[in-house]
Amino acid sequence: MDQFDVIFIGSGHNALITAAYLTRAGRSVLVLEKNERPGGFLRTEELTLPGFKHDVYAAAHPLFITGPAYAELREDLETRGLRYLNTDLPTGVSIEDGQTAVLPSSFEELKAEVERLVPGDGTALEGMFEQLNPYVNDVFGLFNMDLSSPEAAPIIQRLLHQEGGVGYSPFAASLVSTARNTVNSFQSPVTRAMLASWVTHLGRTPDEVGSGIWVPLTVMALMGGGMPYQRAAVRS
């Protein structure tokens with residue numbers, strides 16, 4: 001074909017998903033990629049020993065498999081060879097002095113792990129989630145909505161303002177906090193490193209205003225969705 005309805009420059013996962021929807025709608029699509037294979041940051045490499053494959057960049061598989069695009073495209077993707085594996089230990093941390101910790105998918109197990117590192121930090125973990133708990137359903141509900149839509153407006157109003165609309169809510173204050181401030185309630189540097197570092201996967205830094213809210217949200221996403229990992233590459 002010499003002409004296409006749509007041409008994508010770059011074949012990251014967003015472009016591939018959009019191309020899939022356009023193709024389903026009967027449009028002719030061309031996806032161009034300068035690298036030797038498509039997928040953008042969704043890459044797997046043998047970085048250490050032969051046969052040991054590592055997820056190089058893709059930290060957003062939990063968001064993908066819990067979203068509407070995967071639900072709608074799953075059958076076609078699995079037909080082409082894609083399968084996801086998961087684990088009860090989504091992530092962990094190892095710091096320079098040799099201390100380590102894991103982040104289990106069970107809250108009680110995570111609390112025990114945090115408490116193992118420094119007694120009392122389990123209570124701090126509970127407190128972090130208790131502050132978010134009244135708002136969490138609305139927050140995750142917004143993830144799959146157009147924030148400018150009429151449907152999103154009342155949810156945003158509830159999140160940002162006190163009941164009755166007078167004054168800002170505690171959640172509104174959390175939106176201008178930093179990840180470093182959020183984890184300051186933990187005494188263990190291992191726990192702080194394990195929880196705060198994930199904001200960097202979202203394009204934030206630990207000292208960036210607005211990064212604080214992503215600490216509990218990311219931990220909840222990891223516990224709820226695990227860390228799914230693709231078993232096989234998609235075949236054409």
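All values derive from a computational prediction rather than experimental measurement. Worth knowing before you read on, the calculation uses all heavy atoms, side chains too, and leaves out hydrogens, waters and symmetry mates.
Checked by atom type, the side-chain pair Thr205/Asp207 shows no donor-acceptor distance below 3.5 Å.
In the hydrophobic clustering, where aliphatic and aromatic side chains (Ile, Leu, Val, Met, Phe, Trp, Tyr) are joined below 4.5 Å either directly or transitively, Phe52 groups with Leu49. Other members of the cluster containing Val176 are Val209, with ILVMFWY side chains joined at under 4.5 Å, either directly or via other members.
Leu85 pairs by the side-chain contact (heavy atoms from CB on, under 4.5 Å) definition with Arg231, not counting sequence neighbours. Thr178 pairs by the side-chain contact (heavy atoms from CB on, under 4.5 Å) definition with Arg180, Asn181, Ser211, not counting sequence neighbours. Remark: Glu113 engages Arg116 in a side-chain hydrogen bond (donor to acceptor under 3.5 Å, both in side chains) (not counting sequence neighbours). The side-chain hydrogen bond (donor to acceptor under 3.5 Å, both in side chains) search around Glu208 returns Arg204, not counting sequence neighbours. Taking Tyr168 as the reference, nothing meets the side-chain hydrogen bond (donor to acceptor under 3.5 Å, both in side chains) condition, with sequence neighbours excluded. Contacts of Ala193 classified as side-chain contact (heavy atoms from CB on, under 4.5 Å), with partners at least two apart in sequence or in another chain: Val93, Ile95. In this view, Glu108 and Ser106, Lys111 satisfy the side-chain contact (heavy atoms from CB on, under 4.5 Å) rule, not counting sequence neighbours. In this structure Tyr229 satisfies the ring-ring contact (aromatic ring centres under 6.0 Å, His included) test with no other residue, sequence neighbours excluded.
Criterion: ILVMFWY side-chain heavy atoms under 4.5 Å apart, direct or through other members. Under it, Met128 and Val118 are not part of a common hydrophobic cluster. No single ILVMFWY cluster, assembled from side-chain heavy atoms under 4.5 Å apart, contains both Val29 and Leu73.
Side-chain N or O atoms of Glu33 include none that pairs as donor or acceptor with a backbone N or O of Ile9 at under 3.5 Å. A donor-acceptor contact shorter than 3.5 Å is absent between the side chain of Glu109 and the backbone of Pro104. Between the side chain of Glu115 and the backbone N or O of Gly122, at least one donor-acceptor pair lies under 3.5 Å. Side-chain atoms of Arg192 do not come within 3.5 Å of backbone N or O of Asn184 as any donor-acceptor pair. Between the side chain of Asp121 and the backbone N or O of Phe186 there is no donor-acceptor pair closer than 3.5 Å. With Asn35 contributing its side chain and Gly40 its backbone, the two residues share no donor-acceptor pair below 3.5 Å. Between the side chain of Thr218 and the backbone N or O of Val215 there is no donor-acceptor pair closer than 3.5 Å.
Rounding to the nearest 0.5 Å gives a distance of 9.5 Å between CD of Gln99 and OG1 of Thr191.
Using a 4.5 Å heavy-atom cutoff, the side chains of His13 and Phe64 are not in contact. In this structure, the side chains of Asp5 and Leu22 stay at 4.5 Å or more apart for every pair of heavy atoms.
By the 4.0 Å N-to-carboxylate-O rule, Glu75 lies too far from Arg24 to be salt-bridged with it.
Contacts classified as side chain to side chain donor-acceptor pair (under 3.5 Å) and involving residues 87-96 (residues at least two apart or in different chains) are not found.
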Hey, can you pull the donor-acceptor pairs under 3.5 Å for the side chains in residues 129-139, sequence neighbours left out?
unit_1: Asp138; atom_1: OD1; unit_2: Arg158; atom_2: NH2; d: 2.9
unit_1: Asp138; atom_1: OD2; unit_2: Arg158; atom_2: NE; d: 3.1
unit_1: Asp138; atom_1: OD2; unit_2: Arg158; atom_2: NH2; d: 3.4

